Amino acid sequence: MERLRCVVERITYSNEENGFCVLKVKAKNYADLIAAVGTLAAVNVGSVLLLTGEWKVDSKYGRQFLVSSWEEKLPATVMGIERYLGSGMIKGIGPKFARRIVEKFGADALEIIENMPDRLIEVEGIGQKRVTAVKKAWNDQKEVRNIMLFLQEHQASTTHAVKIFKTYGNDSIQVVKENPYRLADDIWGVGFKTADTIAMKMGFGKDGYYRFRSGLFYVLNEFSNAGHCYVPRGELLKEAVSMLEVSEERLSAALEQMLAENDLHYEEPDRIFLLPFYFSEKGVSQRIHNIMKTPVPMPDFDISQQIQKMEQKFGIRYDEIQKDAIHKALCSKVMVLTGGPGTGKTTTTRGIISAFMMQRMKILLAAPTGRAAKRLSETTGMEAKTIHRMLGFSPKGGYEYNEENPLDTDVLIVDESSMIDVILMFNLLKAVPVTATVIFIGDADQLPSVGAGNVLLDIISSDVIPVIRLTTIYRQARTSNIIMNAHRINHGEFPMLRGGKQSDFFFVEEELPENIPALISELCSKRLPSYYKADPIRDIQVLTPMQRGETGAVNLNALLQEALNPGKLCLRRGGIEYRLGDKVMQIKNNYDKEVFNGDIGQVSAVDIQERELTVLFDERSVNYDISELDELVLAYATTIHKSQGSEYPIVVMPFTMQHFIMLQRNLLYTGVTRAKKTLVLVGTKKAIGYAVKNNKITKRNTCLAERLAVD
């Protein structure tokens with residue numbers, strides 16, 4: 001083994017998931033830069049390292065120094081100090097301030113920051129606020145590095161170190177040593193498998209209760225991520241036994257202990273619930289029944305006459321089903337209005353609102369996402385809010401409006417209800433006064449919510465609540481091939497693929513999946529923007545059935561980023577470049593920032609020095625520190641599931657047999673109905689036909705319909 005003291009000149013490759021790096025380093029007595037390869041956590045350009053390892057000759061990359069262990073030394077030269085400080089490792093100090101600090105303090109700069117940081121105020125342009133930030137960043141950096149080195153010893157991902165430190169602070173290492181499985185419970189992005197890897201390396205046994213408990217929670221959460229509210233006991237144990245490689249008897253005993261300690265809920269015949277889903281299902285059912293039990297304030301006017309007046313006022317003619325919907329809305333406490341595109345949901349909704357206004361009733365409009373709320377506002381001429389905003393949610397205080405402090409309304413109209421999962425629905429209904437009327441609007445044939453539950457479909461199938469299903473496709477809608485094909489797909493009929501200059505639905509046949517990414521890139525960057533005079537980033541959205549594969553969202557995003565936004569100003573995290581101007585999507589609910597899973601925005605600012613960027617979401621700016629960038633993904637392409645509740649002027653959708661696991665009728669239907677003006681389907685007729693025929697909707701484990709029917 002040899003020891004090599006060197007300075008990092010550049011980082012050729014860095015995998016933040018496992019810490020593996022390829023560095024170009026400058027070492028004494030070596031004229032050329034040396035390639036150093038190994039797991040080197042959180043090194044920066046300018047870092048002075050003492051490496052231990054051995055030389056090897058790689059057949060492809062030549063001579064390399066294979067690092068087995070390393071430690072960081074502080075740079076000794078003025079030039080080295082400037083480079084070290086300017087690398088971006090300390091938030092608040094970039095190349096500009098690094099130069100000024102070194103000009104002021106010379107070789108003593110690092111000692112000043114370490115022992116007398118308040119003297120930084122002497123540097124031109126550095127105020128007290130920046131001094132405070134640098135002091136905190138310097139101390140945090142040392143702690144994070146300690147955690148990273150500790151995790152590295154146990155072969156854990158270095159990307160989690162910052163999050164662990166943010167959660168536990170200076171107690172981080174102690175917490176991990178005592179119970180590494182806490183990481184899976186407390187920190188988003190650190191799953192059971194990561195915690196288990198750390199625990200095994202630390203000498204924890206396979207049969208510990210902490211491990212059983214965390215493993216069972218992991219399996220239950222995986223089922224909830226697939227939409228299930230509960231898991232049959234036998235299925236839960238089978239999955240957990242396979243994953244944990246332990247006996248069912250030992251695991252069953254741990255499960256019984258968790259049930260006895262009320263960590264989980266058991267319900268006959270053999271259902272195991274995570275507590276939030278059990279209480280939410282029960283709560284939704286109880287709240288709906290409580291609302292329905294209160295008297296309906298009957299209109300003081302003849303409904304049929306008022307409908308005639310509305311027809312004259314708006315210059316329209318309601319059909320019998322639409323009239324029935326308005327009548328039922330006025331005479332019911334809870335109602336569902338459902339129907340596909342072009343069937344008059346918007347027209348009927350406006351009629352319902354007008355009828356309630358004639359009764360001088362207070363009306364609130366809500367939708368699950370910002371885009372859906374904005375569209376509801378535009379179509380009704382009234383203010384609509386996201387459910388979270390309407391309920392006044394804050395991370396520390398929870399929901400401002402709840403059963404103790406209900407919303408001030410007589411009527412609540414909720415659009416895109418198929419998107420609402422069971423937990424959000426419970427929090428919404430808790431805030432609805434029992435005297436109010438609730439109207440759920442949505443397309444029951446779309447994909448269910450991303451979160452657990454199948455609330456709208458369960459409400460409809462319970463046969464307890466009045467449901468109006470609009471079926472007539474209106475004349476104006478019949479001119480749209482998008483709408484007509486959506487209905488054909490929904491009825492199990494193959495769509496009409498012949499386009500034409502006046503068409504809004506196009507099919508580009510391509511049998512070879514490997515040719516499709518380049519074709520989509522050309523469509524989005526050249527052909528469609530040129531023909532429609534469209535902004536390729538703002539107006540065009542690629543929707544795909546899956547994340548992975550040649551025509552998956554990950555690969556398409558990389559290609560489209562290069563084609564549409566080849567700029568250099570960026571921050572890097574986890575192998576992704578986040579560039580100025582990039583279209584990005586939030587992939588977790590972040591209540592502090594008030595951005596939610598599926599929200600799409602555009603990077604409006606990148607600050608290399610502060611290591612943060614700003615994303616514009618519907619005219620609202622949100623800042624992200626570099627450690628938070630794993631909450632964002634590129635969104636030039638996204639999955640059809642993630643597109644629910646949104647409409648885009650132009651949709652490009654690859655559809656191939658590579659995605660056959662996902663090819664279902666409601667998936668194709670949902671994707672087609674996301675297109676507002678133009679849809680371009682790229683792929684094979686075989687894949688389209690397979691999806692149209694496959695109406696086997698994956699059943700979700702829910703009890704809401706059953707609860708509504710018996711409560």
Side-chain angles (χ1 to χ4, degrees), residues 1-91 93-95 98 102 109-110 137-138 140-162 568 570-578 608-609 611 626-627 629-630:
M1 302 290 276
E2 290 191 38
R3 289 164 73 82
L4 192 71
R5 187 183 176 95
C6 59
V7 178
V8 179
E9 291 291 320
R10 67 176 181 267
I11 300 172
T12 304
Y13 174 79
S14 175
N15 184 328
E16 296 192 30
E17 286 303 310
N18 57 24
F20 179 79
C21 293
V22 178
L23 310 177
K24 290 292 188 180
V25 300
K26 188 173 182 61
K28 192 175 181 181
N29 300 325
Y30 291 88
D32 298 325
L33 294 180
I34 296 165
V37 179
T39 303
L40 296 111
V43 298
N44 293 279
V45 172
S47 294
V48 178
L49 307 178
L50 184 60
L51 308 177
T52 301
E54 57 187 356
W55 293 97
K56 72 163 189 175
V57 177
D58 185 276
S59 59
K60 184 174 181 181
Y61 298 106
R63 195 165 185 249
Q64 297 177 325
F65 191 76
L66 192 61
V67 180
S68 58
S69 64
W70 64 280
E71 56 183 298
E72 183 168 5
K73 303 290 185 181
L74 292 178
T77 67
V78 170
M79 186 178 295
I81 291 169
E82 180 181 334
R83 192 138 193 224
Y84 180 72
L85 291 176
S87 67
M89 63 165 288
I90 305 170
K91 189 174 180 179
I93 300 181
V102 168
L110 294 179
W138 180 263
D140 287 356
Q141 186 73 17
K142 288 194 296 184
E143 274 304 317
V144 169
R145 192 173 299 279
N146 288 337
I147 296 164
M148 284 182 171
L149 292 172
F150 172 76
L151 292 174
Q152 181 186 310
E153 288 173 19
H154 301 96
Q155 296 186 0
S157 164
T158 58
T159 51
H160 300 131
V162 174
K568 298 300 179 188
C570 69
L571 291 178
R572 292 181 179 87
R573 176 72 198 252
I576 299 177
E577 283 191 2
Y578 299 87
I608 301 295
Q609 186 156 289
R611 295 201 296 169
I626 194 166
S627 67
L629 294 185
D630 56 353

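Everything numeric here is computed off the predicted structure, so don't read it as measured data.
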In Å and rounded to the nearest 0.5 Å, what is the CH2 to CD1 distance from W138 to I93? 8.0 Å
Value for CG (L51) from CG (L23), rounded to nearest 0.5 Å, stands at 7.5 Å
Got a second to check how far L49's CG is from R3's CZ, nearest 0.5 Å? 12.5 Å
Using 30° and 60° as the class limits, which term best fits the ring planes of Y30 and W55: parallel, tilted or perpendicular? tilted
To the nearest 0.5 Å, how far apart are CH2 in W70 and OG in S47? 7.5 Å
What's the shortest heavy-atom distance between A35 and R63, and which atoms? CB-O, 4.2 Å
Distance from L33 atom CG to C6 atom SG, nearest 0.5 Å? 10.5 Å
List the residues meeting side chain to side chain contact (heavy atoms under 4.5 Å, CB included) with V7, not counting sequence neighbours, and say none if there are none. E9, V48
Interatomic distance, CD@E2 vs OG@S68, rounded to 0.5 Å, equals 11.0 Å
Y61 meets the ring pair (Phe, Tyr, Trp, His ring centres under 6.0 Å) criterion, sequence neighbours left out, with none
With sequence neighbours excluded, residues passing side chain to side chain contact (heavy atoms under 4.5 Å, CB included) with T12: R10, V22, K24
Could I get the full list of side chain to side chain contact (heavy atoms under 4.5 Å, CB included) partners for L571, not counting sequence neighbours? V606, I608, L613, L629
Using side chain to side chain donor-acceptor pair (under 3.5 Å) as the criterion, list what pairs up with E54, not counting sequence neighbours. none
Closest non-hydrogen atom pair, Q64 against D58: OE1-CB, 3.9 Å
Could you tell me which non-hydrogen atom of I34 sits nearest to which non-hydrogen atom of F65, and how far apart they are? CG2-CB, 4.2 Å
Set of salt bridge (Lys or Arg N to Asp or Glu O under 4.0 Å) partners for E71, sequence neighbours left out: K73
What pair of heavy atoms forms the shortest contact from I626 to R572, and how long is it? CD1-O, 3.7 Å
